[in-house]
Participant: 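Okay, handing you the structure first.
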Amino acid sequence: MTKGFFTDTTLCIGCKACEVACKQWNQLPGDGYEFTGMSYDNTVALGSTTWRHVAFIEQMAGQSNGTSNGATAIAERVSGHEARSAGFLGENRWLMMSDVCKHCANAGCLDACPTGAIIRNEFGDVYVQPDVCNGCGYCQPACPFGVIEVSHDDGRAWKCTLCYDRQKDGLEPACAKACPTQSIQFGEIEELHAQARERVGMLHARGVTDAYLYGVDEQTSVGPLNAFFLLVDQPEVYNLPETPHLPQAKIGTKYLATALAGLALGAATALTLLGGRRRS
């Protein structure tokens with residue numbers, strides 16, 4: 001059975017316990033010490049040394065967020081997933097989301113890897129074998145989520161392993177273990193889907209009709225995500241593509257377009273030559 005993550009953003013409080021636990025367990029170096037202008041979000045994005053990243057998204061009252069309800073209305077109906085403040089800037093909300101590798105059913109990085117370094121392990125997770133990776137970097141542009149990254153230090157590609165070593169010992173990943181609100185849940189995908197749909201139904205019953213699942217039952221070239229999310233705003237608000245597609249999925253259509261263009265050009269050339277011969 002395939003295992004993965006269900007991340008419920010409505011329960012995230014932005015504590016970054018998942019980030020710290022991930023770095024500590026996987027012995028990843030600290031980063032984000034330089035000034036970025038993002039005081040709450042020092043790690044900025046997923047990368048070779050940040051395999052869990054907690055994003056802070058501030059929405060001011062009255063700001064268009066792509067949904068049917070404004071920040072104030074949702075803040076009145078949902079507790080736990082945003083901080084509210086009032087002052088000269090007005091009332092606002094923070095959306096918080098712990099991002100991670102999606103462990104796609106159709107993983108672009110795995111398909112693009114020429115050495116076989118990226119595999120699907122016995123738990124169904126997309127795993128990079130560090131002793132096989134040659135640092136070619138083909139996996140980077142193949143990921144529609146911009147997750148995997150080649151390290152500038154050792155030249156190899158790195159990303160979330162879904163704590164493969166912990167799973168082999170029957171333990172849950174460090175981030176899920178450390179999450180104090182159960183925003184991050186780990187388990188078998190089918191069971192997580194059932195829990196997630198039940199949670200969405202509960203939120204809808206409470207009036208939070210904007211809640212939906214991202215990465216489940218979507219018809220895209222990446223297939224379903226084995227690390228999926230419950231969101232309350234449009235995907236781009238969370239820096240997620242609305243409709244993720246593998247870059248290589250477009251190669252066939254581009255080859256066809258090129259072939260058709262070549263045939264048209266060849267036909268035009270042949271007609272020109274034929275017309276020239278007739279006139280002579």
Side-chain angles (χ1 to χ4, degrees), residues 1-9 11-32 43 45-55 96-105 107-110 113 116-133 139 143 145-151 153-154 156-193 195-196 214-216 222-230 240:
M1 295 292 290
T2 300
K3 293 191 174 184
F5 286 126
F6 164 43
T7 302
D8 184 346
T9 66
L11 296 175
C12 181
I13 58 175
C15 67
K16 286 184 175 280
C18 54
E19 274 195 28
V20 174
C22 178
K23 283 185 173 292
Q24 184 179 42
W25 180 262
N26 294 291
Q27 299 181 15
L28 300 173
D31 53 6
T43 48
L46 294 172
S48 60
T49 58
T50 299
W51 300 352
R52 264 281 180 188
H53 167 245
V54 178
M96 299 169 189
M97 173 184 136
S98 180
D99 199 7
V100 71
C101 171
K102 314 309 179 288
H103 293 277
C104 310
C109 60
L110 189 154
C113 180
I118 303 178
I119 62 170
R120 197 172 296 278
N121 62 27
E122 64 267 33
F123 302 109
D125 311 326
V126 179
Y127 178 71
V128 182
Q129 301 175 96
D131 57 331
V132 182
C133 177
C139 54
C143 175
F145 300 99
V147 170
I148 195 165
E149 183 181 54
V150 173
S151 170
D153 294 329
D154 65 12
R156 293 179 294 178
W158 298 94
K159 71 171 192 66
C160 164
T161 67
L162 238 162
C163 281
Y164 180 44
D165 53 345
R166 291 177 62 89
Q167 285 195 68
K168 287 193 293 185
D169 289 333
L171 302 173
E172 64 181 325
C175 58
K177 180 71 174 178
C179 181
T181 64
Q182 294 187 320
S183 172
I184 302 171
Q185 299 179 40
F186 168 76
E188 294 183 358
I189 288 298
E190 294 303 320
E191 294 179 1
L192 291 178
H193 282 174
Q195 294 175 23
Y214 178 87
V216 180
V222 301
L225 307 181
N226 293 329
F228 61 98
F229 304 84
L230 190 156
L240 295 170

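Nothing fancy with the numbering, it's 1 onward along the sequence.
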Participant: Dump the intermediate steps for side chain to side chain donor-acceptor pair (under 3.5 Å) on T43 and E19, then the final yes or no.
Facilitator: CA-CA 9 Å; T43 48; E19 274 195 28; 3.2 Å; yes
Participant: Under the rule for salt bridge (Lys or Arg N to Asp or Glu O under 4.0 Å), what residues qualify as partners of D154, not counting sequence neighbours?
Facilitator: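 By the salt bridge (Lys or Arg N to Asp or Glu O under 4.0 Å) rule, D154 matches R156.
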Participant: Could you work out, with ring pair (Phe, Tyr, Trp, His ring centres under 6.0 Å) as the rule, every residue matching H193, not counting sequence neighbours?
Facilitator: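 H193 satisfies ring pair (Phe, Tyr, Trp, His ring centres under 6.0 Å) with F228 only.
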Participant: Just jot down the side-chain contact (heavy atoms from CB on, under 4.5 Å) partners of V20, sequence neighbours excluded, or say none.
Facilitator: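 side-chain contact (heavy atoms from CB on, under 4.5 Å) check on V20 returns nothing, list empty.
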Participant: Using the side chain to side chain donor-acceptor pair (under 3.5 Å) criterion, which residues pair with T49? Sequence neighbours excluded.
Facilitator: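 Per chain and number, T49 pairs via side chain to side chain donor-acceptor pair (under 3.5 Å) with D31.
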Participant: At what distance, to the nearest 0.5 angstrom, does CH2 of W51 lie from SG of C18?
Facilitator: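 If we round to the nearest 0.5 Å, W51:CH2 and C18:SG are 14.5 Å apart.
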Participant: I'd like to know whether V100 forms a side chain to side chain contact (heavy atoms under 4.5 Å, CB included) with H53, so could you lay out the CA-CA distance, the side-chain angles of the two residues, the decisive distance to 0.1 Å, and finally the verdict.
Facilitator: CA-CA 7 Å; V100 71; H53 167 245; over 6 Å; no
Participant: Looking at Q24, I want to see if its CD is surrounded by more than 12 non-hydrogen atoms of other residues, nucleotides or ligands under 6.0 Å.
Facilitator: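 Atom CD in Q24 is not crowded, with 12 or fewer foreign heavy atoms closer than 6.0 Å.
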Participant: Can you check whether C175 reaches W25 side chain to side chain, under 4.5 Å on heavy atoms?
Facilitator: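 A side-chain contact is absent here, since even the closest heavy-atom pair is not under 4.5 Å.
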Participant: Measure the CG-CG distance between N226 and L162 for me, rounded to the nearest 0.5 Å.
Facilitator: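 Answer for the CG-CG pair, N226 versus L162, is 8.5 Å.
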Participant: To the nearest 0.5 Å, how far apart are SG in C139 and CH2 in W158?
Facilitator: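 Here the rounded value is 12.0 Å.
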Participant: Whether the side chain of K23 engages the backbone of P29 through a donor-acceptor N/O pair (distance < 3.5 Å, no angle test) should be reported.
Facilitator: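 It does hold such a pair.
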Participant: Could you work out, with salt bridge (Lys or Arg N to Asp or Glu O under 4.0 Å) as the rule, every residue matching K159, not counting sequence neighbours?
Facilitator: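 Result, salt bridge (Lys or Arg N to Asp or Glu O under 4.0 Å) vs K159: none returned.
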Participant: For the OG1 atom of T9 and the OH atom of Y214, what is their distance to the nearest 0.5 Å?
Facilitator: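 If we round to the nearest 0.5 Å, T9:OG1 and Y214:OH are 13.0 Å apart.
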Participant: Quick check: do D99 and K102 have side-chain heavy atoms less than 4.5 Å from each other?
Facilitator: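 In short, these two side chains touch, coming nearer than 4.5 Å.
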Participant: Please enumerate all residues that pass side chain to side chain donor-acceptor pair (under 3.5 Å) together with E149, with sequence neighbours excluded.
Facilitator: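 E149: side chain to side chain donor-acceptor pair (under 3.5 Å) contacts with S48.
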Participant: Side chains of residues 176-184: which donor-acceptor partners sit under 3.5 Å, not counting sequence neighbours?
Facilitator:
from, atom 1, to, atom 2, distance (Å)
T181, OG1, L11, O, 2.8
T181, OG1, S183, N, 3.4
S183, OG, D8, O, 2.7

Participant: Who pairs with R166 by salt bridge (Lys or Arg N to Asp or Glu O under 4.0 Å), at least two apart in sequence or on another chain?
Facilitator: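 Checked R166 against salt bridge (Lys or Arg N to Asp or Glu O under 4.0 Å); zero matches.
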Participant: Can you tell me how far SG of C160 sits from CD1 of I148, rounded to the nearest 0.5 angstrom?
Facilitator: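 Taking CD1 in I148 and SG in C160, the distance rounds to 11.0 Å.
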Participant: How long is the span from the SG atom in C101 to the CZ atom in R52, to the nearest 0.5 Å?
Facilitator: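 If we round to the nearest 0.5 Å, C101:SG and R52:CZ are 10.0 Å apart.
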Participant: Got a sec, which residues hit side chain to side chain donor-acceptor pair (under 3.5 Å) with K3, two or more places apart in sequence or on another chain?
Facilitator: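 With sequence neighbours excluded, K3 shows a side chain to side chain donor-acceptor pair (under 3.5 Å) to no residue whatsoever.
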Participant: Name all residues meeting the side chain to side chain donor-acceptor pair (under 3.5 Å) criterion together with T7; count only those two or more places apart in sequence or in a different chain, and write none if there are none.
Facilitator: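 For T7, no residue satisfies side chain to side chain donor-acceptor pair (under 3.5 Å) once neighbours in sequence are set aside.
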Participant: May I ask you to test the F5-L192 pair for a side-chain heavy-atom distance under 4.5 Å?
Facilitator: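 A side-chain contact under 4.5 Å is absent here.
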Participant: Not counting sequence neighbours, which residues clear side-chain contact (heavy atoms from CB on, under 4.5 Å) with V150? List them please.
Facilitator: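 If we apply the side-chain contact (heavy atoms from CB on, under 4.5 Å) test to V150, skipping adjacent residues, the hits are Q140, A157.
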Participant: I'd like a table of donor-acceptor pairs (distance under 3.5 Å, sequence neighbours excluded) in which one partner is a side-chain atom from residues 118-128, with atom names and distances.
Facilitator:
from, atom 1, to, atom 2, distance (Å)
R120, NH1, C104, O, 3.4
R120, NH1, G124, O, 3.0
R120, NH2, C104, O, 2.9
R120, NH2, A105, O, 3.1
N121, OD1, F123, N, 2.9
N121, OD1, G124, N, 3.3
N121, OD1, D125, N, 3.1
E122, OE1, Y164, OH, 2.8
E122, OE2, Y164, OH, 3.0
D125, OD2, Q167, NE2, 2.7

Participant: Testing the 3.5 Å rule here: is there a donor-acceptor pair between the side chains of T2 and E188?
Facilitator: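 Short answer, no.
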Participant: Please give me the minimum heavy-atom distance between V54 and C12, naming the atom from each residue.
Facilitator: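 Taking V54 first and C12 second, the nearest heavy atoms are CG1-SG, 4.4 Å.
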